[in-house]
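These figures come from a predicted structure and were not determined experimentally. No hydrogens, no waters, no symmetry mates; every other heavy atom, side chains included, goes into these values.
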Amino acid sequence: MIRSFVLSLLVAASPVGAATYTLLPAGQGFDRLQAAVDAAGDGDATILIAPGVHRDCAVQSAGRITYRGAVPGKTIFEGATCEDKATLVLRGRGAVVEGLVFRRLGVSDGNAAGIRAEKGPLSVSNSIFRDSEQGILGNSDPQADIRIDRSTFAGLGRCDRDLACAHSIYIGHYKSVTVTRSRFERGRGGHYVKSRAARIAISDSSFDDTRGHTTNYMIDLPAGATGTIQRNIFVQGHDKENHSAFVAVGAESRDNPSAGLAVVGNRAHQAPGITWPAALVSDWTKSPMRIERNVVSPRITEYRGAEGAEPPSLKRDIRRVLAAVRDRILG
């Protein structure tokens with residue numbers, strides 16, 4: 001609350017015609033984002049970004065920088081990418097993105113993103129990624145974590161032009177990916193979340209595929225993962241390239257262990273009129289997982305193994321009984 005109050009005072013005190021980018025705490029003003037990033041150097045700094053539509057981008061190669069929209073939802077980056085990659089190309093010591101909108105981004109290889117995380121930890125909150133090829137694209141940094149909270153991903157992804165598919169979020173071999181209280185909708189192809197991170201935590205988010213176009217999985221963990229997928233709402237739409245599953249685990253490789261992955265307390269439904277069967281979880285790893293307390297529509301199976309087999313019913317029933325006992329004991 002104190003930080004928000006201070007920021008509101010800074011915005012209110014800014015004179016008409018003030019610089020688009022203000023480097024804090026120094027208070028220097030810049031008209032180009034790259035100039036502000038370069039001035040931050042290898043230090044820790046915040047770049048306060050004025051409201052408006054900015055056709056600008058930057059590459060961060062050092063330092064730990066917070067990119068903060070002065071007016072969340074009104075601070076918009078549109079159309080511009082650096083290195084034919086993204087609006088923000090990040091390979092410094094870390095980055096925080098707060099209150100920004102990224103929209104209408106495209107590049108020659110079909111992988112334009114609002115944020116390209118190449119190295120270092122990344123935290124994103126209260127931001128919107130819309131009508132582009134990808135929202136967030138991450139390379140690989142096994143020592144770093146990516147966290148996304150209270151953000152919206154809409155009109156993203158593609159699988160056309162004989163190019164590799166793009167997704168709303170696609171993260172390589174990072175240490176972990178955490179997504180909380182976020183919304184995914186209106187996918188244009190590919191998956192809503194695809195991650196090769198060793199650990200995943202996706203919770204309290206919604207995946208609305210009812211207006212999706214040629215989409216695939218809601219969550220794809222192609223190399224396997226441990227962690228949790230819990231308290232999410234999934235709705236599968238009619239226009240699917242692959243409608244077999246909501247969550248896929250280990251479909252491409254077993255690079256990460258998946259034993260203990262918990263898919264718990266989710267709600268999975270299909271749009272009215274859909275008649276095909278689907279699985280909440282399709283698993284290629286044959287690892288023991290905790291899949292329980294999910295509410296699914298009649299044509300949705302909670303779990304399907306690589307050969308299409310259900311886990312043994314006795315084991316599944318025992319898990320449900322133990323979960324009910326535990327819930328009763330814990331109140």
First locate atom [atom1] of [X], then atom [atom2] of [Y], and finally report the distance between them rounded to the nearest 0.5 Å.
X	Y	atom1	atom2	value
D44	R64	CG	CZ	4.5 Å
L105	R130	CG	CZ	11.0 Å
I115	L88	CD1	CG	5.5 Å
L221	I200	CG	CD1	5.5 Å
D42	R93	CG	CZ	4.5 Å
L100	I49	CG	CD1	4.5 Å

Is [X] reaching over with its side chain to a backbone N or O of [Y], donor-acceptor style, under 3.5 angstrom?
X	Y	answer
N126	P72	no
S182	S151	yes
T228	Q230	no
Q34	V59	yes
N232	D204	yes
H191	Y217	yes
E241	G189	no
S125	R150	no
N256	A197	yes
N266	F234	no

Residue that, paired with [X], satisfies side-chain hydrogen bond (donor to acceptor under 3.5 Å, both in side chains) out of [options]:
X	options	value
Y192	D209, N216, D220, T215	D209
N139	R91, K119, H173, R116	R116
D131	R188, R186, R104, R103	R186

Verify side chain to side chain contact (heavy atoms under 4.5 Å, CB included) between V101 and T75, making sure each step is shown before the conclusion.
CA-CA 6 Å; V101 178; T75 305; over 6 Å; no
Under a 4.0 Å threshold between the charged nitrogen and the carboxylate oxygen, would R181 count as salt-bridged to D149?
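Yes, D149 and R181 are salt-bridged.
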Indicate yes or no: does R158 engage E133 in a salt bridge with an N to O separation below 4.0 Å.
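Judged by the 4.0 Å cut-off on N to carboxylate O distance, R158 and E133 do not form a salt bridge.
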Could you go step by step and tell me if I291 and D283 meet the side chain to side chain contact (heavy atoms under 4.5 Å, CB included) rule?
CA-CA 11 Å; I291 302 174; D283 171 36; over 6 Å; no
Give the intermediate values and the outcome of side chain to side chain contact (heavy atoms under 4.5 Å, CB included) for residues F246 and N294.
CA-CA 13 Å; F246 290 70; N294 299 292; over 6 Å; no
Closest contact, heavy atoms only, [X] versus [Y]:
X	Y	value
A278	Q270	CB-NE2, 3.9 Å
S244	S282	O-OG, 4.3 Å
A271	T210	CB-CG2, 4.2 Å
A86	C57	O-CB, 4.1 Å
P51	A70	CD-CB, 4.1 Å
S258	V249	OG-CG1, 3.8 Å

Without hydrogens or angle criteria, can the side chains of D208 and S206 be said to hold a donor-acceptor pair below 3.5 Å?
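Checked: D208/S206 side chains show no N/O donor-acceptor pair below 3.5 Å.
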Verify whether one side chain among Y21 and D56 offers a donor that lies under 3.5 Å from an acceptor in the other.
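Yes, because at least one side-chain N or O of Y21 sits under 3.5 Å from a partner of the opposite role on D56.
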Among L48, L90, V124, find the one that has a side-chain contact (heavy atoms from CB on, under 4.5 Å) with Y67.
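Going through L48, L90, V124 one by one, the side-chain contact (heavy atoms from CB on, under 4.5 Å) with Y67 is satisfied by L90 alone.
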Find out if a path of hydrophobic residues (ILVMFWY) with successive side-chain heavy-atom gaps under 4.5 Å connects [X] to [Y].
X	Y	value
L137	V97	no
V235	L280	no
I128	V53	yes
M218	M289	yes
I219	Y170	no

[Y] side chain reached by [X] side chain, heavy atoms, under 4.5 Å:
X	Y	result
V263	Y303	no
L122	Y174	no
F129	Q134	no
V179	F184	yes
S176	D145	yes
K175	Q143	no
F153	V193	no
D84	S108	yes

What do the steps show when you test V107 against K85 for side chain to side chain contact (heavy atoms under 4.5 Å, CB included), and what is the final call?
CA-CA 7 Å; V107 297; K85 293 177 181 177; over 6 Å; no
